[in-house]
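Numbering of ligands and ligand atoms starts at 1, following listing order.
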Amino acid sequence: MNNIRNFCIIAHIDHGKSTLADRFLEITGTVEKRNMRAQYLDQLDLERERGITIKMAPVRMEYSGYILNLIDTPGHSDFGYEVSRALAAVEGGILLVDATQGIQAQTLANFRSAKASGLTVLGAINKIDLFKNPEDRETISRLQKEVAELVGSTEDEVFLVSGKTGEGVMELLDEVIRRVPAPEGPHRLFEKNTSTEDSGFSKMNGGGRALIFDSFYDDHKGVMASVRVFDGEINPEQNVYLAAPDTVSKIKEVGYFKPQIRASKNLKTGEIGYIATGIKDTSLIKIGDTAISAAHHPDKIKSFILPGYKEPRPVVFVSFYPEENDDYELLKKSLEKLKLNDSALTIEPDQNEVLGRGYKVGFLGRLHFEITAERLKREYKVETVSTFPSVIYKIKTNREWLTIIKPEELPMEYEEIWEPIVKIAVLVPPKYLQSVYPLQARFRFTDITTETFQDQTEIRAMMPLAELVSDFDDQLKSATAGFASFSYEIADYAKADIVKTDILVAGDVVPGLSRFLPRNTVEKEARRMVEKLKETLPRQQFAQPIQARVNGKFIAREDIPAVKKQLGNFGKNGGDRTRKMKLWAKQKKGKERLQSRAQVRITPAIFKELIKK
Ligand code: GTP
């Protein structure tokens, strides 16, 4: 165990985590130079293209007689719970700060969770290749001071590296070996959670105990659990007990990430690797769960469950419908495939009068939704129509509390609507502080407090989750030229002053366009919606009124004029009269059919336009 180091890289999005990992892979000879490509551990095309890591593969590297396991922490707050589980699996972290950006909100949020998990954190400043002029020295040493202050080290202990050129990277890796502690038993996990007893697992014969920090699906081997072994030894002769679903299965294989999976004889205390669980049903493998192996039926071991497990909870819901009804099966299969590697997704059949059969999908947040929607389109070639993202509302009626997701489910009579609230932290450089103030009212911030963090301001507030998943991210970025950043966590429920707004096209409520909106901005927003719909909806063969309705009252209206008819060319003399009559009759029938249902095709592009503030 003394020659193992388990660590992660903690950073704000785009600060260069994947690129630094590439250099580690090269230096340690884990990936041969001729096979190297940028952001090697980002496996999805989408990740490489957008340069955003959704999931970086874990990797086991061998270097200077040490085994170095690097695992990923997805930087975005949507994945806060997964970050916390990844942090629980390692002893150390590199806090990587982009020299061109400085410390940003997720640098802080992830650093704080790393400290809370008891990790040893090394500070490093990245992209140093861009600061080679003598006048840059001051900027860098100021940032070095800030990072040192944050991690609690001296300034010289903050590394200056370039993931691009490789400068300083080897020294950083040497420091990981020196400073990150060798793997320890699970006591670090238990300390925070004294209610759970860790009663001498190591005395058990021949088994092992591990924390599942990720899961994925292998076409040949089925459901795989990425694990950190905390005690004992796990090998393929054993059975594995999964605590959360209370299931036992015969292990098929165990192994390491090199970074491709490579079978091994066993996984020992302190090691990171995978267990091919032999389980077919992906929903049984849960992030944060405990896997316990034993030679015999793993019976009396429920008392050894590692603390910290939470059922992944989707908080944002969007319904997807195939643009072509025939694609329903394709949509279904594609979502099921996506779910294989993304245990946080929930999918459930859904139905919409206009859009037909589809699926209601639950996400961890807005980014999670956007990525999934894009993957459906790109990797699975399913064109879909989707509804507004919704959250889980609690409705108080005179008799009971109801939980609803779709505004359509709101009962006629109710007393109060309660909505989920997040705790948000926005980090703003002084120059942009003024530009952030208007957003506070617009996105319904409450309980605002501010604090100075070095030379920046940290604004903390409560904010409805529904506002966060509208376009807060984009608005904050554009107001501050990308310099302000935020992190959030789900907090609680609060009574909301919101009303249900329906959108009607040609007199019919368009299911999926109904929304809850704050009472004081509903008129403005309703107006914007109908205007936007007028612009974006294609003209039909008949004129269509677009209306917005709140509590039975129409509050906005626009009309889409009919398309000018093109009857076709019947020649100078009017052509053949019977042919013309036939065509008219056919068009009339078509028109009736069209009019019988609101022909609203809201593509994801239109949808994205519509949800912008
Ligand atoms: P997420 O996975 O989205 O959090 O991003 P990341 O932290 O993995 O960042 P990534 O490695 O994708 O790098 C972000 C951008 O910065 C890319 O365009 C990189 O090419 C660039 N970059 C990374 N490291 C360096 C560096 O040391 N110097 C320079 N000049 N650019 C770098």
Side-chain angles (χ1 to χ4, degrees), residues 7-27 31 36-59 70-80 82-83 86-87 93-111 113-114 121-133 136 139-140 143-144 147 158-173 214 259 342 364-368 370-372 374-375 427 473-474 477 482-483 485-488:
F7 71 108
C8 61
I9 308 172
I10 312 161
H12 191 83
I13 272 190
D14 271 353
H15 282 208
K17 202 163 55 161
S18 310
T19 310
L20 179 65
D22 287 352
R23 298 294 84 72
F24 288 157
L25 294 179
E26 263 172 24
I27 290 174
V31 176
M36 196 66 208
R37 41 166 217 245
Q39 297 159 29
Y40 191 91
L41 299 175
D42 288 353
Q43 293 158 320
L44 307 167
D45 285 347
L46 181 64
E47 291 183 307
R48 307 164 67 80
E49 230 168 89
R50 281 182 55 168
I52 173 175
T53 305
I54 301 155
K55 224 177 197 184
M56 187 165 97
V59 62
L70 169 62
I71 72 172
D72 189 26
T73 56
H76 197 275
S77 301
D78 278 10
F79 308 106
E82 292 182 17
V83 174
L87 293 174
I94 297 171
L95 183 77
L96 192 68
V97 179
D98 182 339
T100 65
Q101 302 291 320
I103 293 170
Q104 291 192 281
Q106 285 154 28
T107 319
L108 277 187
N110 292 330
F111 170 74
S113 347
V121 179
L122 315 180
I125 294 170
N126 191 28
K127 309 198 184 177
I128 203 74
D129 55 293
L130 300 172
F131 291 81
K132 285 293 161 201
N133 295 326
D136 294 334
T139 316
I140 294 300
L143 187 53
Q144 237 173 335
V147 174
V158 176
F159 279 72
L160 301 181
V161 302
S162 165
K164 190 168 175 186
T165 65
E167 183 184 342
V169 175
M170 201 180 275
E171 290 80 355
L172 180 57
L173 207 51
D214 199 359
D342 186 348
L364 299 174
R366 165 88 183 246
L367 181 75
H368 190 210
E370 280 179 4
I371 290 166
T372 310
E374 202 157 328
R375 291 188 64 192
L427 196 62
D473 199 354
D474 290 350
K477 273 201 195 103
F483 280 103
S485 51
F486 73 95
S487 67
Y488 74 88

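Between Ser485 and His12 the shortest side-chain heavy-atom distance falls below 4.5 Å. Within the 4.5 Å cutoff, the side chain of Val31 has heavy atoms near those of the Pro259 side chain. Counting heavy atoms from C-beta outward, Ile9 and Leu70 have side chains that approach closer than 4.5 Å.
Here the OG1 atom belonging to Thr100 is positioned 6.0 Å from the CZ atom belonging to Phe131, to the nearest 0.5 angstrom. The distance from atom CG of Asn110 to atom CG of Leu96, rounded to the nearest 0.5 Å, is 12.0 Å.
With ligand atoms numbered from 1 in the order given, ligand 1 contributes 10 (P), 11 (O), 13 (O), 19 (C), 23 (C), 24 (N) to contacts under 4.0 Å with heavy atoms of Thr19. Atoms of ligand 1 lying under 4.0 Å from any heavy atom of Lys17, numbered from 1 in the order shown and given with element: 6 (P), 7 (O), 8 (O), 9 (O), 11 (O). Taking a cut-off of under 4.0 Å to the non-hydrogen atoms of Leu130, the atoms of ligand 1 that pass are 30 (N). Of all atoms in ligand 1, numbered sequentially from 1 with element shown, those under 4.0 Å from a heavy atom of His15 are 7 (O). Counting atoms of ligand 1 from 1 in the listed order, those under 4.0 Å from a heavy atom of Ile13 are 4 (O).
Counting heavy atoms under 4.0 Å from ligand 1, residue Leu20 does not touch it at all. Residue-level proximity to ligand 1 for Asp129 is carried by the side chain, the only part with a heavy atom below 4.0 angstrom. Looking at Asp14 against ligand 1, both its backbone and its side chain come within 4.0 Å, counting heavy atoms. With a 4.0 Å cut-off on non-hydrogen atoms, Lys127 touches ligand 1 through its backbone as well as its side chain.
Gln106 and His15 share no side-chain donor-acceptor pair at under 3.5 Å.
Electrostatic pairing of Asp473 and Lys477 counts as a salt bridge here, judged by a charged N lying under 4.0 Å from a carboxylate O. Remark: Glu167 does not engage Arg23 in a salt bridge, criterion side-chain N to carboxylate O under 4.0 Å.
At least one N/O-N/O distance between Gly16 and ligand 1 falls below 3.5 Å. Between Ser162 and ligand 1, at least one pair of N/O atoms sits closer than 3.5 Å.
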